Amino acid sequence: MREDQLYRIPSGCAVVGILNQDGFRISGEGIIRSIAVMHDRSNGLGGGFAGYGIYPDFPDLYAFHILYDDRQAVITTEDIIQNLCEVEHSEVIPFREIKEVQNYPYFKRYFLFPKGKIFSEDDEVVKLVMKINSSISGAYVISSGKNMGIFKGVGYPEDIGRFFRLEEYQAYCWISHGRFPTNSVGWWGGAHPFGLLSWSVVHNGEISSYGINRRYLQNFDYHCNLQTDTEVITYLVDLLGRKHQIRISFLGSVLASPFWHEIDLMSEPEKTFYRSLRMIYGGALLNGPFSIIVGFDKGMFGLVDRIKLRPMIAAWKDSTFYLSSEESAIREIAPDLDEIRPLQAGEVVSGQVGEKISYGKKCFVSRV
Amino acid sequence: MKKLAMAKSVLFPEFKVIRDTDRCIACQVCVRQCANDVHHYDQDDDTVSCQDERCVGCQRCVTLCPTNALEVKKREVGFHPNANWSVQHIRNLYKQSETGGVLLSGMGCDQPYRIYWDHLLLNASQITNPSIDPLREPIELKTFLGAKEEMLDIDWNQDFPVIKTQLAPQLELNLPILFSAMSYGSISYNAFHSIVEAAREVGTHCNSGEGGLHPDFYPYGKNIIVQVASGRFGVHRDYLQVAGAVEIKIGQGAKPGIGGHLPGEKVSLEISQTRKIPEGSDAISPAPHHDIYSIEDLQRLIFAIKESISYEKPVSVKIAAVHNIAAIASGAIRAGADIVAIDGIRGGTGAAPQVIRDNVGIPIELALAQVDERLRQEGIRHRASLVIAGGIRSSADVIKAIALGADAVYIGTATLVALGCHLCQKCYTGKCNWGIATQDPYLTKRLNPSIGKRRLVNLMRAWAFEIKEMLGGMGVNSIQSLRGNKEHLRTVGLTREESQILGVKPAGEGW
């Protein structure tokens, strides 16, 4: 990673997500059209995509997308990977030259699984990702989940999508991000989505609790070295959702918890439950304005901050579930919707493959 | 010891009492108000005169004079200027050569060591992050003190998830401020009464200090943290069981390394009954606890107390901020402390040897930053709450302390000032004209507990508003999100080394 990128950059953004709950896969063309509608929410300094179900040939292997700024880093990184993992297949990530996207780094992908395991396979992969990202200058693991991948770079999202030839991939879930950083980032790794294992996070907002979230995560051996808000959100989601096994639908109760005065009005058992969550997970509370979309294996959820300072809208059409900063981006690809409604403050709206849609009635409201 | 007849003291008056004779109506308020007998009424002349050398500068007469005829000023001494031999040093030499004793003092260290709070600046939101308006949006100050589990074990296979983890006992505070340890004995019954009433109304806790608990205050037990100090004054089963929490006092910022000190002048009958000591005797606590000579001994005492309160309340360990504070705090937590209270060099006292008060210990800001960082590195920060004390003067100090990593702060001196204290530093004489640090019934009745309580409640209310304004400005609507969030602090005018110790970036540096 480049030293001059080691500072946080507040940014405004566009986010959009599409999930087909029948597991039917669609090409990346739709999401590119959708995010392009919100062109003015980004400023050409970052755009990216995550697709789930794109590698049906290697569904059980960890797909590492690695960005290299430096040829030497390729050798060092591949040495480490070869030592610790079995790599079944690796290749350069295909791209096309377009005039809108210049000065791009070198991208490779590896399909692998860790050799020796002391901890769980996921933990070993997290350790490897942390090791490459923090110790090798010029190499950065962009995504590390199974049967999914993240594609991102410096440019408008629709251009980045064309650069990576996303119309050639088929995914049951796509999420995308267009970035409006308030100062220039010249580094592709700084674009979003941010990923770890199968999580990918896009985020519109600024986390004013960043300092403490980061220090809280250190307790659990997560090292935030990218200095972005999205990175801490991703690690918090991994910690809470994967390690502490908190249900997706209740993540909002921690990340954007109900207010104390609301908890005081609850009856048991809710009262004790929410009180305990807040007491124990105070360091994981996210403050400041945000709307986030988190993609995970077989699903996607959206969440906005405690007092809803950033926009997010959910919509449903047949078996497809949409989340977006603006309604227009959804209407672009699905003009007739069955149901559409804005997210409430602190509310988690989620969808999963195989789960039947009942027009938003499936929504989990952490606010109770 | 029989006092030797000595020549006139070479001590010179510290203060000058200026009386505007045109305004003075010889009403004698000053004569009656001064416990130090500064003012004297001459019946023959119908005039009031004064003896400056007795004045301690408490400003009581100035405040109460109905015609504003009085002014008390620090007396300018005409010594030849000397950077090495300050007036303070010369006075102390005179005093000690006349008395042969350890010089006592009250309140916290008054030496001009750097006050780091004044070199820390707070952040606010602009454009990229909307500030939050506390008049229109909720902003939360609720704080829980006690050990926190690292994670919750939850049974999700129920209609509604059930938490299987048994949570450690907590103290619930409506704002992250507690009233610091001030014993009944060091302060008056009325002062203590004002504080316990205020703690209950505000929804926070006060601290008994090491003077036991007067039976009248047992009904307030839930809002009182009771201390177990090296003298063990007034410690018994009911005392431990009635409290909201128990605090083992190892040290105090004003006098690290030595025990508590209550001069016999202040040990009245009621105090003697509360402390279980003879009336009029000095209550000098041993320097160490004689059952704690090591960290493992502390662990035994912690668990002896936990056993006696059935593990239903948190146990705090209060230590003075000394050089190796980070390792000591870590040890206390590993020994079982649920709360660690750290008192810095500017922490107050009712009586301490001046030389210790002014020369031993380190500033609380540095201690706090180091302890918080160390505990996080060791991965045990969640196992105890950190409460800091020692010179917190305003809501700005409170919020900076929280951002530096404290869970809450103790306020002692600020509490007394709110009750009328004018910081004359003569608490140890028992002659407090403000009725706070005295047991003389003629003086104590000057402090009306219901007015005292109201003043303290007002102070807490005002600070809570100010803290909410500052939090909202930072775009934070829960104090939880500021705790240990050093990104919202910047240093100004400090060396690089000091900034590093604080773990705070210098002003001008962005994210």
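This structure is a prediction, so every number in the text was calculated from the model and none was measured. Protein chains get the first letters and strands the later ones, always in sequence-line order, with residue 1 at the start of each.
- For chain A, the nearby part of B:R483 is the backbone; its heavy atoms alone come within less than 4.5 Å.
- A distance of 6.0 Å or more separates the ring centres of A:Y140 and A:W188.
- At a threshold of 4.5 Å between non-hydrogen side-chain atoms, the residues A:R278 and A:W260 count as touching.
- Contacts of A:L240 with chain B are absent, with no heavy-atom separation under 4.5 Å from either backbone or side chain.
- Checked by atom type, the side-chain pair A:Y222/A:Q218 shows no donor-acceptor distance below 3.5 Å.
- Here the side chain of B:K486 pairs a donor or acceptor atom with the backbone of B:L502 at under 3.5 angstrom.
- For the ring pair (Phe, Tyr, Trp, His ring centres under 6.0 Å) test, no residue two or more places apart in sequence or in another chain qualifies with B:W117.
- For B:Q500, the side chain to side chain contact (heavy atoms under 4.5 Å, CB included) criterion is met by B:R496, not counting sequence neighbours.
- Residue pairs that meet the salt bridge (charged side-chain N to carboxylate O under 4.0 Å, His left out) test with at least one member in residues 209-218 of chain A, sequence neighbours left out, are A:R215-B:D372, A:R215-B:E373.
- Interface remark: A:L239 contributes no atoms to any contact with chain B (heavy atom separation under 4.5 Å).
- When each of B:E509, B:H488, B:Q377, B:E378 is checked for heavy-atom pairs under 4.5 Å with chain A, B:H488 comes out on top.
- Residues from residues 148-158 of chain B that place a non-hydrogen atom less than 4.5 Å from a non-hydrogen atom of chain A comprise B:K148, B:E149, B:E150, B:M151, B:L152, B:I154, B:W156, B:N157, given in numerical order.
- Below 30°, between 30° and 60°, or above 60°: for A:F250 and A:Y274 the angle between ring planes is between 30° and 60°, a tilted geometry.
- A cation-pi geometry, defined here as NZ or CZ lying under 6.0 Å from the six-membered ring centre and within 45° of its normal, does not hold between A:R41 and A:F180.
- Note on B:K142, B:E137, B:E140: by heavy-atom pairs under 4.5 Å with chain A, the leading option is B:E140.
- With salt bridges taken as basic N to acidic carboxylate O contacts below 4.0 Å, none links B:E466 and B:R461.
- Note: A:I280 leads A:I280, A:L286, A:N219 in heavy-atom pairs under 4.5 Å with chain B.
- For A:L285, the parts sitting under 4.5 Å from any heavy atom of chain B are the backbone and the side chain alike.
- With a threshold of 4.5 angstrom between heavy atoms, B:I380 approaches chain A through N, CA, C or O but not through any side-chain atom.
- Interface remark: A:Y281 contributes side-chain atoms only to the contact with chain B (heavy atom separation under 4.5 Å).
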